[in-house]
Number of protein chains: 2
Amino acid sequence: MKTLRPTSFDVAERAGVSQSTVSRALRSSPGVNAETRARVAQAAAELGYVVDRHASSLRLKSSETIALVTICRPGEDRSAINPFYFALLGSIAAATSARGFNLLVSFQESEANFRADFVRSGLADAMIVIGTTSNRAAWDYFAAAQASGHDFTCWGSPGGDFHWMRSDNEVGGRLAADHLVATGRRRLAFVGPQRSPQRQFDERRDGFTAALAAHGLAPVLAEPPPAEDRHAQGIAAARALLAAHPDIEGIFAASDMLALGVLQGIKDMGRSVPGDVALIGFDGIRAGTLADPALTTIEPDLDAAGEALVAMALEDDAHARDGTRIPVRLAVRGTA
Amino acid sequence: MKTLRPTSFDVAERAGVSQSTVSRALRSSPGVNAETRARVAQAAAELGYVVDRHASSLRLKSSETIALVTICRPGEDRSAINPFYFALLGSIAAATSARGFNLLVSFQESEANFRADFVRSGLADAMIVIGTTSNRAAWDYFAAAQASGHDFTCWGSPGGDFHWMRSDNEVGGRLAADHLVATGRRRLAFVGPQRSPQRQFDERRDGFTAALAAHGLAPVLAEPPPAEDRHAQGIAAARALLAAHPDIEGIFAASDMLALGVLQGIKDMGRSVPGDVALIGFDGIRAGTLADPALTTIEPDLDAAGEALVAMALEDDAHARDGTRIPVRLAVRGTA
DNA sequence: CTGAAAGCGCTTACAG
DNA sequence: CTGAAAGCGCTTACAG
């Protein structure tokens, strides 16, 4: 029942001008008589005319869209994706939309749906890759894709020689250390992957350790045991940590999902938070504010992250070069 | 530094065939010699050739993409979007990708970025609209858009005469009631909007009420007071409810975000969960599993929801007609 | 300031 | 089974 979509020729006929004039008027090209322009706009509105983006993009060789791929864990249920990536997706969408661009999203997890040709097929002008760094096959695929000319920008430098953007992790680690020390905690621990291929967790740990060293302190470093997901890892890590070091007074967890598990683990061990043990996470995910008590965390400026990723992918911002850092802040809530 | 993207003419030259043959071979049209097809595929691979989607879509008049718009609260931070919608977005992405379609996403909140012309501009073959029902201006805009011929399918029937798909809310309400009664609770309450323009919350309440009536019981109906978001509403609602009805033994909240607030509110009143008060939510969001205790909830089958929304939007499933219900199940966790 | 025409890179009906 | 050619709906250099 769909009526044939009107073309610029239909608008031209109705406005009594040529098709070229319709195109110029609608793109607000300079040098179109104001009255003509109004007549065209009028006719277009009456017909419900909208420019065909395929014809337009084909001609202009630009689609004004960004492709965003989110790497998932293999077999992972979509609702189990780390909420941090959904929040990042939202901020990328905002930055994209602010430029009048469209956003194409793709969740990828295995050979069955790996894809990196969004730019080459003309579908997008640039590609951004975010998501879990634990999917080795996915990152190998994207490393190979880059080698064969598919360019992209990613979040968090998951190994490889990628263009990346990430939080100011070191400063975040320092903020966590300083806050814990300022509130009187001395026996501290860092819970996070110690041998991750990516640098993010290392940076958080190093910033934490360096700031503590300035106070003559050294944290216990706890590697979370393998488990179903970050949350489960956090629970197990906290239990083991408190069993081995009953005197721990403060914990800095490498991410909020891990921290939420640690929170549960601390409670499981019969300790109170923040009374017995203070806790600080990293990411600023919404679920942290819903925890009991609400999670104190290091929060990256997500709006800045979305904008910087898009700018860098589009290469239209000389300042958004490799290694730019997204500012973070300490969000003091209930756990520390 | 980007080399000119190769076209089908380049592939044709390299394979020693005509451009039309390249197109046929790559689209696996019938009636192409196997050996020719292999030679073309070979040449395409060597050149890193990928079909230009704009040229292809222009010709085929189909883009094989779905547009998904998510309505946000005005002024809402992207990370504050109800996680249920992110999960739904993920399942829609999965259903879309399973068909080899692309997904274009757009978060909209105010006049500044309302847009409904994805199909008319050729960018997408169909449009799905999800998100908060509390943004009146947005739904007025989409009602007007529909009136002027922009068709779409939405989640939850937010008023208007839309094509919609929603959970089997009544059954969900019944499951909650039966579980609460089966575990010995008699003094029960429903916490949720009573005068919402949309029917979803009413259906959950009605199912709950009807099932209780069969046991000769009637719930207290508590309208959450206005507050910043659903979570804050839940906290306030639980406090007021328990102050007015100290003998309440079980609560069914209209959504998980509300339930998470109710959980906090119950604790604030010095009651234990589920010891003193049992609690059941609705939606099955991830944050519920992170609560302490983990939230018992009514969980819609999101995979089915994504698939049904896409099928209905594409009108390629005779069974996915208006009014189809997505099955729900009771997920028993810690709060009831 | 406006119009006629070429061309973006495909797909497919029409010949052979 | 394969090729030459038309045409999808735009944008813009070229004339006027």
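Sequence lines set the chain letters: A, B, ... in the order given, protein chains first and strands last, and positions in each chain run from 1.
Ring-plane geometry between A:Phe152 and A:Phe142 is classed as perpendicular, the angle between the planes exceeding 60 degrees on a 0 to 90 degree scale with a lower cut at 30.
Between D:dT12 and D:dG16, the two C1' atoms lie 16 Å apart (nearest whole Å).
Under a 3.5 Å cut-off, the side chain of A:His54 and the backbone N or O of B:Gly122 do form a donor-acceptor pair.
Nucleotide C:dC8 holds its P atom 12 Å from the CG atom of B:Asp10, rounded to whole Å.
Two rings, from A:Trp139 and A:Phe162, have their centers less than 6.0 Å apart.
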Counting only pairs under 3.5 Å, give me each side-chain donor-acceptor contact of residues 112-119 of chain B, with atom names and distances, residues two or more places apart or in other chains.
{"residue": "B:Asn113", "atom": "OD1", "partner": "B:Glu109", "partner atom": "N", "Å": "3.1"}
{"residue": "B:Asn113", "atom": "OD1", "partner": "B:Ser110", "partner atom": "N", "Å": "3.3"}
{"residue": "B:Arg115", "atom": "NE", "partner": "B:Asp117", "partner atom": "OD1", "Å": "3.1"}
{"residue": "B:Arg115", "atom": "NH2", "partner": "B:Asp117", "partner atom": "OD1", "Å": "3.4"}

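Partner assigned to D:dC14 is C:dG3, using Watson-Crick or G-U wobble distances below 3.5 angstrom.
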**Q.** Residues B:Ser91, B:Asp303; criterion side chain to side chain donor-acceptor pair (under 3.5 Å); working and verdict
**A.** CA-CA 5 Å; B:Ser91 70; B:Asp303 286 342; 5.5 Å; no
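Applying side chain to side chain contact (heavy atoms under 4.5 Å, CB included) to A:Trp155 and the options A:Val129, A:Ile92, A:Thr70, A:Ile326 leaves one that passes, A:Ile326.
Looking at heavy-atom distances under 4.0 Å, A:Thr36 makes contact with sugar-phosphate atoms alone, never a base.
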Q) Could you write nucleotides 9-16 of chain D as a row of B, S and -, 5' to 3', where a protein heavy atom under 4.0 Å of any base atom gives B, of only sugar-phosphate atoms gives S, and otherwise -? A) BBBBB---
